[in-house]
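The structure under discussion appears below in the form of structure tokens.
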Amino acid sequence: MTILPHHFFQIDALDLAPRLLGKFLRRDDVLLQITEVEAYRPNDSACHGRFGITARTAPVFGPGGLAYVYLCYGLHTMLNVVADKEGVGAAVLIRSCAPVSGLKTIQQRRAQLTEKPVLLTGPGKVGQALGISTEWSNHPLYMPGGLEILDGPKPEKILIGPRVGIEYALPEHVNALWRFAIAGTPWISAPKNTLMPQ
DNA sequence: GTACTGATTGGCT
DNA sequence: GCCAATCAGTACC
């Protein structure tokens with residue numbers, strides 16, 4: 001499997017998001033296939049970049065291909081892939097993945113919180129399966145070692161819908177269909193009924 | 001300095 | 001369906 005080059009990520013987050021579906025995330029022996037994503041863009045009232053460059057969001061304004069990892073609700077680490085050119089301020093949130101290998105490691109990491117089977121249907125669960133903290137923010141995903149994104153098959157059909165948990169944003173951004181998922185996969189977070197065929 | 005909130009999750013009613 | 005956990009960031013005094 002080949003690692004994706006940095007220029008793969010230097011496009012609009014809205015174009016990058018569906019292209020990340022089917023690609024692989026790897027850290028040590030854990031390999032996950034990306035099944036659900038959301039795009040966050042410049043001038044987007046739901047994007048963390050809306051407050052400008054801060055200590056937390058600085059990676060979002062870096063060149064596409066960096067990781068942006070932040071702590072949500074003081075508990076969960078959310079993994080984003082920075083999109084577009086340096087300074088634009090756009091990213092793609094990884095919401096769900098299918099476990100491919102490293103199940104034992106995934107279970108060990110997730111056992112800290114639950115004894116349920118491997119469930120990767122939600123952004124907090126993905127961060128936990130990969131065992132990443134906010135220290136991974138700004139990590140280049142196009143460099144070998146650590147945390148990488150590898151090429152994978154393009155999905156046959158894609159589902160689209162509005163993004164989750166951004167009710168505070170402007171209506172035009174709440175309603176924007178910037179959430180994408182692989183059609184037919186069981187690895188999709190709630191709510192599932194707002195996703196429709198493209 | 002204080003008050004409030006969030007790109008969520010798991011457990012309990 | 002409801003709610004606590006837990007903390008960085010923003011807004012405001």
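Order of the sequence lines fixes the chain letters, A, B, ..., with proteins taken first and strands second; residue numbering starts at 1 for each chain. Atoms considered below: every heavy atom in the structure, side chains included; atoms not considered: hydrogens, waters and symmetry mates.
Side-chain N/O atoms of A/Arg110 include one lying less than 4.0 angstrom from OP1 or OP2 on B/dG10. The side chain of A/Tyr73 contributes no N or O atom lying less than 4.0 Å from OP1 or OP2 of C/dA4. The shortest distance between the side-chain N/O atoms of A/Arg50 and the OP1/OP2 oxygens of C/dT10 is not below 4.0 Å.
Between the C1' atom of C/dA8 and the CD atom of A/Glu135 lies a distance of 15 Å, rounded to the nearest Å. Note: CE (A/Met78) to C1' (C/dC7) measures 14 Å, nearest angstrom. Look at CZ on A/Arg179: it is 13 Å from C1' on B/dT8, rounded to the nearest Å. Look at CG on A/Leu120: it is 10 Å from P on B/dG10, rounded to the nearest Å. Remark: P of C/dT10 and CD1 of A/Ile53 are 12 Å apart, rounded to the nearest angstrom. Atom P of nucleotide B/dT8 and atom CD of A/Glu38 are separated by 8 Å, given to the nearest angstrom. Atom CG in A/Leu75 sits roughly 14 Å away from atom C1' in B/dA7 (whole-Å rounding).
The nucleotide B/dG10 finds its pairing partner in C/dC3, both defining distances of the Watson-Crick or G-U wobble pair being shorter than 3.5 Å. Under the Watson-Crick and G-U wobble criteria, each requiring two contacts below 3.5 Å, nucleotide C/dC12 is paired to B/dG1.
With hydrogens and angles left out, the side-chain atoms of A/Arg109 and A/Gln128 include no donor and acceptor closer than 3.5 Å. A side-chain N or O of A/Thr57 and one of A/Thr54 form a donor-acceptor pair less than 3.5 Å apart.
You'll find that the side chain of A/Leu71 is closest to C/dA8, out of C/dA8, B/dT8, B/dG6. Among C/dC7, C/dA11, B/dT9, the nucleotide with an atom closest to any side-chain atom of A/His76 is B/dT9. Here C/dG9 is the nucleotide among C/dT10, B/dA7, C/dG9 with the atom lying nearest to any side-chain atom of A/Arg56.
In terms of position on DNA chain B, the residue among A/Lys125 and A/Gly165 whose nearest nucleotide sits closer to the 5' end is A/Gly165.
Taking the side chain as every heavy atom from C-beta outward, A/Phe180 and A/Leu14 approach each other to under 4.5 Å.
Among the atoms of the strands shown, only primed sugar atoms or phosphate atoms (P, OP1, OP2) are found under 4.0 Å from some heavy atom of A/Phe51. When heavy atoms are screened at a 4.0 angstrom cut-off, A/Ser189 is found touching no nucleic acid atom at all. Counting any heavy atom pair closer than 4.0 Å across all strands shown, A/Ile166 reaches sugar-phosphate atoms only and no base atom.
The cationic group of A/Arg56 does not satisfy the cation-pi geometry with A/Phe51, failing either the under 6.0 Å distance to the six-membered ring centre or the 45° limit from the ring axis.
Atom C1' of C/dG1 sits at a distance of 22 Å from the matching atom of B/dA7, rounded to the whole Å. On the C1' atoms, B/dG10 is 22 Å away from C/dA8, given to the nearest whole Å.
No chain of hydrophobic side-chain contacts below 4.5 Å, direct or via other Ile, Leu, Val, Met, Phe, Trp or Tyr residues, connects A/Leu79 to A/Ile188.
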